[in-house]
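The next block holds one structure in the form of structure tokens; read it before the comments.
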Amino acid sequence: MSSITLIGTGNMARTIGTLAVAGGNTVEVMGRDQSKADALAKTLGGDTTTGRWGAVPAGDIVITALLYDGVVPVVAEYADALAGKVVVDISNPFNATFDGLAHSEETSIAQEVAKVAPAGASVVKAFNTIFRNVLEKGRPDVFVAGDNARAKADVAAFVESLGLRPLDVGGLRMAHWLEGMGVVTVGLAGNGVGHWDFALGANEFTG
Ligand SMILES: NC(=O)c1ccc[n+]([C@@H]2O[C@H](COP(=O)([O-])OP(=O)(O)OC[C@H]3O[C@@H](n4cnc5c(N)ncnc54)[C@H](OP(=O)(O)O)[C@@H]3O)[C@@H](O)[C@H]2O)c1
């Protein structure tokens with residue numbers, strides 16, 4: 001089982017935290033509002049703990065469940081407290097009309113996180129293509145991107161503990177395209193699929 005720290009106390013922190021506790025993982029919650037962290041830890045139950053904002057996370061895997069524009073600043077603020085950790089960025093940097101990315105270059109929040117993360121931390125992109133409501137009731141594929149094979153294996157083991165299938169899409173530069181997949185998913189929800197109860201996954205047709 002994994003030990004994880006959730007930085008953030010919103011919807012995705014609650015959903016991933018609920019699955020993590022059910023999967024037998026050790027969970028810690030950190031929030032810039034300590035009362036929200038305490039409340040979420042109580043909601044998650046089990047042996048969930050809270051940590052002080054900015055302190056060294058107890059978890060080996062640190063999930064930044066923050067709005068996209070907070071992720072890089074918060075990782076920079078934590079600085080050496082994240083040394084040796086696997087930092088998982090789940091964000092979707094949507095533009096104002098939800099039909100493109102908030103950054104125009106061929107980068108991603110995860111790649112920008114890697115630039116400010118301390119030496120020895122490994123950044124992985126995961127979970128961003130899955131709507132929260134689907135995570136709560138479905139068994140979607142979880143696409144994972146990162147440059148460190150060991151870190152991706154750790155995240156894959158955590159994903160499997162949630163009863164979900166991790167799928168490695170390649171190096172961290174693929175995070176850009178996973179963020180693009182997030183845009184495509186919203187486009188499908190508003191158009192061809194017409195609702196939010198679905199997730200993109202990989203169907204294999206090996207004959
Ligand atoms: N919801 C989904 O279906 C879904 C699916 C896939 C990926 N995601 C991604 O998951 C991330 C979290 O989404 P969510 O739905 O959980 O959002 P949310 O419910 O609005 O929660 C956002 C959390 O981020 C914190 N936060 C925001 N800006 C911050 C900053 N500058 N510094 C510190 N903390 C900050 C908030 O703290 P306060 O409460 O103190 O403001 C809150 O705990 C987003 O990047 C989103 O794109 C969401």
Side-chain angles (χ1 to χ4, degrees), residues 4-20 27-44 48 50-55 57 61-79 81-82 87-103 107-113 116 123-138 140-145 155 159 162 164 166 175-190 193 195-201:
I4 69 157
T5 292
L6 295 159
I7 300 183
T9 57
N11 291 317
M12 284 298 274
R14 188 177 67 250
T15 298
I16 293 174
T18 300
L19 292 173
V27 179
E28 178 190 52
V29 180
M30 290 176 159
R32 62 180 172 183
D33 182 334
Q34 187 64 40
S35 66
K36 288 185 181 177
D38 292 340
L40 179 57
K42 199 172 170 192
T43 300
L44 296 180
T48 305
T50 56
R52 189 170 48 81
W53 183 259
I61 296 174
V62 178
I63 300 174
T64 54
L66 305 165
L67 299 185
Y68 82 85
D69 55 355
V71 181
V72 172
V74 167
V75 170
E77 182 184 345
Y78 268 73
L82 296 175
V87 179
V88 181
D89 165 43
I90 67 168
S91 69
N92 277 312
F94 295 131
N95 67 9
T97 44
F98 295 89
D99 59 358
L101 296 174
H103 49 75
T107 187
S108 61
I109 298 299
Q111 287 162 281
E112 297 306 309
V113 166
V116 302
V123 180
V124 171
K125 186 91 186 182
F127 290 105
N128 73 296
T129 63
I130 309 165
F131 297 132
R132 176 176 57 91
N133 51 298
V134 172
L135 261 185
E136 285 171 353
K137 63 187 174 193
D141 289 339
V142 180
F143 297 110
V144 176
V155 173
V159 168
L162 311 183
L164 308 175
H176 175 79
W177 306 108
L178 287 184
E179 291 179 0
M181 259 178 87
V183 178
V184 170
T185 308
V186 170
L188 286 167
V193 173
H195 59 78
W196 300 83
D197 295 316
F198 75 99
L200 297 180

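Counting starts at 1 for both ligands and their atoms, in listed order. Throughout, residue positions are numbered sequentially from 1 according to the sequence presented.
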Give me the atom names and distance for the closest heavy-atom approach of Ile4 to Ala20. CD1-CB, 3.7 Å
Aromatic plane relationship, Tyr78 with Trp53 - under 30° parallel, 30 to 60° tilted, over 60° perpendicular: perpendicular
Under 3.5 Å, sequence neighbours excluded: what are the donor-acceptor pairs made by side chains of residues 126-136?
from	atom 1	to	atom 2	distance (Å)
Asn128	ND2	Asn92	OD1	3.0
Asn128	ND2	Leu178	O	2.9
Arg132	NH1	Glu136	OE2	3.2
Asn133	ND2	Trp196	O	2.9
Asn133	ND2	Asp197	OD1	2.8
Glu136	OE2	Thr15	OG1	3.0

Residue list, side chain to side chain contact (heavy atoms under 4.5 Å, CB included) with Gln34, at least two apart or on another chain: Ala37, Asp38, Thr50
Any idea how Phe98 and Phe94 line up, ring-wise: parallel (<30°), tilted (30 to 60°), or perpendicular (>60°)? tilted
Taking only heavy atoms of the protein into account, state which residues are under 4.0 angstrom from an atom of ligand 1, in chain and number order. Gly8, Thr9, Gly10, Asn11, Met12, Arg32, Lys36, Trp53, Ala65, Leu66, Leu67, Tyr68, Gly70, Val74, Ile90, Ser91, Asn92, Phe127, Asn128, Ile130, Phe131, Arg132
Side chain to side chain donor-acceptor pair (under 3.5 Å) involving Gln111 - partner list, sequence neighbours excluded: Ser108
